[in-house]
Colleague: 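So that we are looking at the same thing, I have put the structure below in structure tokens.
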Number of protein chains: 2
Amino acid sequence: MSEISRNGVSGGGQPGRIGIGLELDDIHLKILEVLRENGRISVAALAERVGISRANAYTRFEALRADGAIKRFTAEIDHLRAGLGITALIFVTVRQQMWKQFRAELARMPEVEYCAITTGQHDAMIQVRVSDVAAVHSMVTDRLANIPAVKATETVFILDEVLRRPYVLPSDRDAARDRSRQQRRPAQEAQGDVPLGKMRFVGAAEGRAALRKDD
Amino acid sequence: MSEISRNGVSGGGQPGRIGIGLELDDIHLKILEVLRENGRISVAALAERVGISRANAYTRFEALRADGAIKRFTAEIDHLRAGLGITALIFVTVRQQMWKQFRAELARMPEVEYCAITTGQHDAMIQVRVSDVAAVHSMVTDRLANIPAVKATETVFILDEVLRRPYVLPSDRDAARDRSRQQRRPAQEAQGDVPLGKMRFVGAAEGRAALRKDD
DNA sequence: GTTGAAATTAGTACGAA
DNA sequence: TTCGTACTAATTTCAAC
């Protein structure tokens with residue numbers, strides 16, 4: 001239902017400030033940190049937790065919304081309680097130059113919670129939530145297979161969701177860096193004794209060639 | 001940071017009510033629907049949008065929270081603005097009976113936004129957000145590879161996030177069913193003319209055997 | 001960027017339908 | 001259960017510092 005911002009792999013670096021928009025300082029990040037944990041906190045309480053005045057908190061709060069740094073506030077629902085106990089990932093190979101059609105069809109499938117375009121063997125990954133396993137089957141064979149843009153799919157089930165953080169922020173990363181610095185050997189040394197063979201990075205070209213049977 | 005509820009593939013069916021807890025009626029679902037779009041709406045405004053009294057809305061709101069149907073409220077942050085423009089998926093093969101260790105290590109990696117245990121070729125999928133591509137590399141080769149529980153990884157980059165719905169609810173599914181009923185031929189007939197060969201379901205056993213080189 | 005006081009709104013309690 | 005109202009507490013706005 002909502003298009004979300006592009007994550008170009010091309011534009012690496014420059015943390016803290018990308019494109020036009022608000023310059024985010026430490027207090028902004030602190031506000032985001034509180035808000036992602038408790039989206040319903042009052043601005044007054046937020047001001048206190050962050051250590052600034054209420055008026056300041058209101059100004060910054062509004063600025064973050066207007067700037068788009070905060071995209072929206074949402075309630076996290078327990079899917080099991082809501083009757084959608086089955087979660088699956090469907091990896092989709094899309095016929096090139098039919099992306100537009102694929103996207104349009106996705107928008108018409110409400111059981112799709114998330115869709116990302118990826119490098120690697122497949123072109124897209126979609127996550128669906130349904131009430132039973134049969135619904136996954138019918139989703140894939142009935143709905144997805146009938147989209148001409150879809151060349152092939154591969155489905156796996158999610159057995160358990162171990163972790164879901166509301167949204168990751170740079171401050172977390174910094175905190176982790178500080179934490180690990182005290183008990184970790186230097187990066188170069190550490191990288192040296194890693195069995196590199198077991199780690200594999202899959203670029204778009206490499207993986208796709210392997211799967212290209214038809215077309 | 002937060003363990004979330006299990007999605008047993010075993011328990012199919014019985015939509016709307018699973019396990020002990022609140023019986024969710026249409027008004028409950030309507031409340032959830034409003035709240036997932038606007039997590040900061042006042043209960044008064046919520047009552048009006050759902051068409052119930054303020055007092056009733058407070059009661060139901062509290063019941064939903066107490067029951068756990070609403071897990072939490074959160075702000076969705078624009079990662080690009082927050083300086084985390086790179087997103088990657090890392091598929092991890094975990095040494096059996098080392099899950100506990102794997103989970104513990106995950107909790108210490110703040111760049112991990114999501115982790116799910118899956119069927120198929122790999123055992124888990126983790127989604128990470130970092131500031132640049134180099135950070136993905138160091139994350140995989142430096143941090144993940146040093147966890148004994150990790151047998152192998154496969155990394156793909158997310159080029160674009162097409163869709164993110166706050167959380168899918170059964171009401172969406174019903175709406176879609178009603179929509180498609182009017183312009184779709186019966187399911188049996190539709191399934192008959194699908195080229196089934198291009199669709200693949202990957203169970204845990206099948207896929208895992210293919211990747212088991214060492215161990 | 002801060003504080004404090006007015007206006008508004010949110011949350012609670014309780015009796016009636 | 002749900003609704004309506006009255007009451008209390010809190011939040012937001014706005015002004016002066």
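All figures in this text were calculated on a predicted structure; none of them were measured in a lab. Note on naming: letters A, B, ... go to the chains in the order of the sequence lines (proteins, then strands), and numbering restarts at 1 for each one. Quick note: numbers below take in every heavy atom, side chains included, and nothing from hydrogens, waters or symmetry partners.
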Colleague: Looking at C:dG11, does its base get a donor-acceptor pair with the side chain of B:Arg54 below 3.5 Å?
Modeller: yes
Colleague: When the distance from CG of B:Leu46 to C1' of C:dA10 is rounded to whole Å, what number comes out?
Modeller: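 For the pair B:Leu46 CG and C:dA10 C1', the rounded distance is 13 Å.
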Colleague: Round to the nearest Å and state the distance from B:His28 atom NE2 to D:dT1 atom P.
Modeller: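 Between P of D:dT1 and NE2 of B:His28: 10 Å.
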Colleague: Using side-chain heavy atoms (C-beta onward) and a distance below 4.5 Å, is A:Ile158 in contact with A:Val156?
Modeller: no
Colleague: Is the shortest side-chain N to carboxylate O distance from A:Glu33 to A:Arg165 below 4.0 Å?
Modeller: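 No.
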Colleague: Using whole Å, what does the distance between atom C1' of nucleotide D:dT11 and atom CZ of A:Arg40 come to?
Modeller: 13 Å
Colleague: Rounded to the nearest Å, what distance is computed from the CD1 atom of residue B:Ile27 to the P atom of nucleotide D:dC3?
Modeller: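 After rounding, the reported distance stands at 7 Å.
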Colleague: Find the distance B:Glu48:CD to C:dG11:P and express it as a whole number of Å.
Modeller: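 So the two atoms are 15 Å apart, to the nearest Å.
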Colleague: Once you round it to whole Å, what is the distance between P of C:dT9 and OH of B:Tyr58?
Modeller: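 The answer, rounded to whole Å, is 13 Å.
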Colleague: Using atom CD of B:Glu62 as one end and atom P of D:dT2 as the other, report the distance to the nearest whole Å.
Modeller: 15 Å
Colleague: Does either side chain, that of A:Arg36 or that of B:Thr74, offer a donor lying less than 3.5 Å from an acceptor on the other one?
Modeller: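 Distance-only check fails for A:Arg36 and B:Thr74.
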Colleague: Taking only N and O in the side chain of B:Ser42, is any of them less than 4.0 Å away from OP1 or OP2 of C:dT9?
Modeller: no
Colleague: Select base, sugar-phosphate, or nothing to describe what B:Arg60 touches, counting heavy atoms under 4.0 Å on all strands.
Modeller: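 Sugar-phosphate, no base atom in range.
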Colleague: Name the residue closer to the 5' end of DNA chain D, choosing between A:Ala45 and B:Asp25 according to the nucleotide with the nearest heavy atom.
Modeller: B:Asp25
Colleague: Report the nucleotide, chosen from D:dT12, C:dG11, C:dG1, that has the shortest atom-to-atom distance to any side-chain atom of B:Val43.
Modeller: C:dG11
Colleague: Between atom CD of A:Gln101 and atom CZ of A:Arg103, what is the distance when rounded to the nearest 0.5 Å?
Modeller: 13.0 Å
Colleague: Could you pick out which residue, A:Ala55 or B:Ala44, lies toward the 5' side of DNA chain C when each is mapped onto its nearest nucleotide?
Modeller: A:Ala55
Colleague: OP1 or OP2 of C:dT3 versus the side-chain N and O atoms of A:Ser53: is any pair under 4.0 Å?
Modeller: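 Answer no for this pair, as no side-chain N or O of A:Ser53 is under 4.0 Å from OP1 or OP2.
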Colleague: Show your reasoning for whether salt bridge (Lys or Arg N to Asp or Glu O under 4.0 Å) applies to A:Arg60 and A:Asp25.
Modeller: CA-CA 11 Å; A:Arg60 286 166 175 274; A:Asp25 60 23; 3.1 Å; yes
Colleague: From CG of B:Asn56 over to C1' of C:dT12, roughly how many Å is that when rounded to an integer?
Modeller: 15 Å
